[in-house]
Asks: 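This structure is in structure tokens; I'll ask about it shortly.
Chain naming here is simple, since letters A, B, ... match the order of the sequence lines and numbering starts at 1 in each. Bear in mind that the values here come from a model prediction, so they are computed numbers and not experimental data.
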Amino acid sequence: MQSANGKVSSCPAKLTMMRNGQLNNQVKDIRSVDSPVNLPLLSVETLTCERSDVALFSNLSFSLQKSQCLRILGPNGSGKSTLIRAIAGIHKPVHGSIHWNPVAEDSHSQTGRPKIAYIGHATGLNNELTALENLAFYASIHGNLSGLSPTECLEKLNIAHCSSLPCMQLSAGQRQRVALARLVLNQYDLWLLDEPATSLDDQGIELLLNLGGTCLKAGGGVVYCSHQPLNFRGEHDSINLLNFKDENAQC
Amino acid sequence: MLITVIKRDLKCVSHNLSSSVQPIGFFIIITSLFPLAVTPDPKVLQGIAPGIIWISALLATLLALDTLFKEDFVDGTIDQMFIVANSLYVVAFARIISHWLISGLPLILMCLIIAFMLQIPEHSLDALIVSLLLGTPTLSLVGSIGAALTVGLRYSGVLLALITLPLYIPVMIFGASCISADLIGLQWSGQAYLLAAMLVLSITLAPFATAAALRININ
């Protein structure tokens, strides 16, 4: 993976050089390089997902523009988490397709996938490692293009004081903050947040909203599901999975 | 990514030494039960020692297998690694290597003491070490398939043993006969070559099967 990251980060340097004819400020702000064609960041077509042979939703189509925020609505069990996992590529949909257009030309990793940050119900934090060690692990597998060290990422979420504690000793809210600190490790094209406000206090939600606003401003997208609306600063849209429920499906 | 994951696993071990030494402790206790239960007679012990060592090695490996992917699966780390790499092959391979480093390698070192206890003469130590060096990685590789298949179950210990132990039989047969052959003064290179062949085969195929099983489970 390290060699792949090396290749990815070498791309913007070349691009900027060709455009401006000079080498300064190459990697610093990749997002400032505008994409030539204004394609949607993400387009989902006729997506049908099942879980344990029960159809959750069918023929779901939508697209997400750059700097747009999308909220997925639906009652419990309607497939919100499954949709987010399908977009992340973890869940295989029964039918339909998901297309990507990167924010900047370099954003595609070697595998042709965009840079996704996914925060799910499971935090992805190892209980035995400390908060800092967990984040350092993600920094080394994701690459660290934002230029922030893992400690600085923890500071952004106001949780740096817990950096040397094993994750099992943290409270649920503190763990969520450490998990969210992953979002600032890299410059991601898309944030996929599954109930990100779970166990966060008001200040934590405010921090998350601010960080989300920065991501949207830079041309990224945010797809989230949450039972309370999160007011990310940017263009808002929502879809209700109840409208795509297959009437004939047995529940 | 391979090295990053292995480094992380070793760091976890250093934070939680007690749970990582359990399989080794288990190995020592099982092997020391035989002289107590059967007979302390050196001749008899020498005859059954290869079998004792290999059966104990299988059980100790099995004990550490249960947690091979479970933690990463439950806490969502596997999802995160899959998003980055778009394949679980490297993840599976890295976890197998760390499993062997944590459970297989100390077991081989421990064998030097166990061999003394089971009256294995010094000249047979090389056969013992070679058979374990070639055999225990195969155990980790083959066992990882079972661990990946049962990762989604809450209590998978017994099912894991039922899936994995039959697959361990060929390794056990040739591993034990490698030592037995040397004890009675025969050439043991044939068995060692077969163990090496099984190792090569499982290195080639097992990580793919493990990655596929994990992929099914995170879907």
Asks: For R51(A), is it the side chain, the backbone, both or neither that has a heavy atom under 4.5 Å from a heavy atom of chain B?
Replies: neither
Asks: Could you pull out the closest heavy-atom pair between V74(B) and A122(A), with the gap in Å?
Replies: O-CB, 3.5 Å
Asks: A side-chain contact here means heavy atoms from C-beta on lying under 4.5 Å apart; do E71(B) and N127(A) qualify?
Replies: no
Asks: Considering the options V90(B), V84(B), V91(B), T77(B), which one meets the side-chain contact (heavy atoms from CB on, under 4.5 Å) requirement together with I141(A)?
Replies: V84(B)
Asks: I want to check something: taking the side chain as every heavy atom from C-beta on, are N219(B) and I90(A) in contact at a cut-off of under 4.5 Å?
Replies: no
Asks: Heavy-atom count around I3(B) CD1 within 6.0 Å, excluding the residue itself: above 12?
Replies: no
Asks: Backbone N or O of I218(B) within a donor-acceptor pair of the R85(A) side chain at under 3.5 Å?
Replies: yes
Asks: Could you tell me the separation between the CD atom of E128(A) and the OG atom of S14(B), rounded to the nearest 0.5 Å?
Replies: 9.5 Å
Asks: Rounded to the nearest 0.5 Å, what's the gap from NZ on K11(B) to CG on N126(A)? Could you check?
Replies: 11.0 Å
Asks: If we only count heavy atoms from C-beta on, is the F137(A) to Q80(B) side-chain gap below 4.5 Å?
Replies: no
Asks: Do the non-hydrogen side-chain atoms of K92(A) and R215(B) ever get within less than 4.5 Å of each other?
Replies: yes
Asks: State, with a plain yes or no, whether a side-chain heavy atom of T4(B) is found less than 4.5 Å away from one of Y138(A).
Replies: no
Asks: Answer yes or no: are there more than 12 heavy-atom neighbours, outside K7(B) itself, under 6.0 Å from its atom NZ?
Replies: no
